[in-house]
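Here the structure is laid out as C-alpha cells; the discussion comes afterwards.
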Amino acid sequence: MIRVVVVDDEPMVCAHLRTILGSAEDIEVVDEAHDGAAAVEAVLRHRPDVVLMDLRMPGVDGLTAIERINTFAERPSVVALTTFDADQYVLRALRAGATGFLVKSTPPEDLIGLVRVAADGHTVLSPDAARRLVSASAGDHAVKDRARTLLDRLTEREVEVLACLGEGMSNARIGARLHLSEATVKGYVSRMLVKLDCENRTQAGLLAHDAGLVGRGDRAR
C-alpha cells in the first residue's frame, strides 16, 4: 500500500483528496493536517510514502514544513499542491526538497497515477510546468553561475545523464537514449546527487535547466 498524508488548510480540500485517493486499491490516506506544523507531526507519526502539501497556509506554511521534513533520515516524497501553475513560491519548494508539484484542479484519474509516480521516487512535474518554472528563474544569474560551477564536478557522461533528468526522463528512458543499462543509470544518478548536493532527482533536473543543459544539442560541456 502507498501511504499518503494530505495537507491543506481547507478541510474540504482534504476530504476531496481523501475521497479520490481512497478509491484506489493500492493507496491509503493515513492522516490529514491543516497546517505545516501538524504536517511535520503527521509525517513523524505515520512515516508515509507520499505527502501532498499545500504551500500557502496560515501559521507554519508548506515551504517551512517541506524544509523540516527534508531533514529527516527517512523522507517521504513531498508533492507541493498549489492553485497556481507556477510561481517563485513553488520554485522555492522544489529547491527545498519537494519532488514535484500539482495544481489542485488535477483530474482525479491523473492524481492517482501521479501519486503512484511520486511513491516510486520519480519527479511529479509536467513538461509545461517545468518550462514555466524555469522561465520564472531565468533572470537569476547567481543561480545560473552556481549551476555551471557545479557541472565541473561531473564527468562528461554524468552531464549527459543530468541533461536527461532535466527533461524529466525515467532511468529506463535515459538508458535507452544513452545505450546504458537501467542499473548503470541508477548508479550515475546516485553519484550525481551526492556530487551536486541535490536531495532528489527534481533538484538535479532543475539544476540542469539552470545550467542551460536542457534543449542544448550536444549535451556535453
Side chain to side chain contact (heavy atoms under 4.5 Å, CB included) evaluation trace for L213 with L151: CA-CA 10 Å; L213 289 180; L151 287 191; 4.1 Å; yes
Residues 111-119 side chain polar contacts: donor-acceptor under 3.5 Å, at least two apart:
from : atom 1 : to  : atom 2 : distance (Å)
R116 : NE     : D26 : OD1    : 3.4
R116 : NE     : D26 : OD2    : 2.9
R116 : NH2    : D26 : OD1    : 3.0

R157: partners by side chain to side chain contact (heavy atoms under 4.5 Å, CB included), with sequence neighbours left out: T155, E160, L178, L180, Y188
Sidechain-backbone polar pair: R201 side chain, M169 backbone, donor-acceptor under 3.5 Å: yes
For L55 against A93, the heavy-atom pair lying closest together: CD2-CB, 3.9 Å
Partner residues of D120 under the side-chain hydrogen bond (donor to acceptor under 3.5 Å, both in side chains) criterion, sequence neighbours left out: none
L94/L206 under side chain to side chain contact (heavy atoms under 4.5 Å, CB included): CA gap, chis, key distance, verdict: CA-CA 8 Å; L94 295 174; L206 287 173; 3.5 Å; yes
CG-CG distance between L150 and D197, expressed to the nearest 0.5 angstrom: 6.5 Å
A176: side chain to side chain contact (heavy atoms under 4.5 Å, CB included) partners, not counting sequence neighbours: none
Any residue meeting side chain to side chain contact (heavy atoms under 4.5 Å, CB included) with Q203, in chain and number order, not counting sequence neighbours: C198, E199, N200
side-chain hydrogen bond (donor to acceptor under 3.5 Å, both in side chains) contacts touching residues 11-22 (sequence neighbours left out): R18-E32
Verify same cluster id: V60, V6 (apolar side-chain graph, 4.5 Å): no
SB check D210 R95 (cutoff 4.0 Å): yes
Side chain proximity check, V29 to L17, heavy atoms < 4.5 angstrom: no
Side-chain donor/acceptor of T106 to backbone N/O of L102, under 3.5 Å: no
Steps toward side chain to side chain contact (heavy atoms under 4.5 Å, CB included) verdict (V4, I2): CA-CA 6 Å; V4 180; I2 299 171; 4.0 Å; yes
Heavy-atom side-chain contact between V43 and V51 under 4.5 Å: yes
Distance in Å, H46 NE2 paired with E28 CD, rounded so as to fall on 0.5 Å steps: 9.5 Å
Pairwise distance CD1(I66) to CZ(R92) - rounded to 0.5 angstrom: 10.5 Å
Non-hydrogen atoms of C14 and A33 that approach each other most closely: SG-O, 3.9 Å
All salt bridge (Lys or Arg N to Asp or Glu O under 4.0 Å) counterparts of D31, not counting sequence neighbours: R45
L52 CG to L21 CG distance, which is reported to the nearest 0.5 Å: 6.0 Å
Considering all heavy atoms, the nearest A39-M53 contact: CB-CE, 3.9 Å
Any V50 side-chain heavy atom under 4.5 Å of P76 side chain: no
Which residues share a salt bridge (Lys or Arg N to Asp or Glu O under 4.0 Å) with E67, sequence neighbours left out: none
Closest non-hydrogen atom pair, A204 against L193: CB-CD2, 3.9 Å
Cluster check M1, I27: I/L/V/M/F/W/Y, side chain < 4.5 angstrom: no
Salt bridge (Lys or Arg N to Asp or Glu O under 4.0 Å): pairs with one or both residues in residues 103-115, sequence neighbours excluded: D8-K104, D54-K104
Gap separating the CG atom of L44 from the CZ atom of R68, nearest 0.5 angstrom: 11.0 Å
Pairing residues for R173 by the salt bridge (Lys or Arg N to Asp or Glu O under 4.0 Å) criterion, not counting sequence neighbours: none
Pairing residues for S170 by the side-chain hydrogen bond (donor to acceptor under 3.5 Å, both in side chains) criterion, not counting sequence neighbours: none
Contacts of type side chain to side chain contact (heavy atoms under 4.5 Å, CB included), residue A15, not counting sequence neighbours: none
Heavy-atom pair with the smallest gap, counting every atom of A208 and L162: CB-O, 3.5 Å
Polar side-chain atom of D49 near backbone of R3 as donor-acceptor pair, under 3.5 Å: yes
Co-membership, hydrophobic cluster, residues F72 and V78, 4.5 Å side-chain: yes
Shortest non-hydrogen contact from P58 toward D9: CD-OD2, 3.4 Å
Intermediate values then yes/no, side chain to side chain contact (heavy atoms under 4.5 Å, CB included), H34 and V13: CA-CA 10 Å; H34 305 300; V13 173; over 6 Å; no
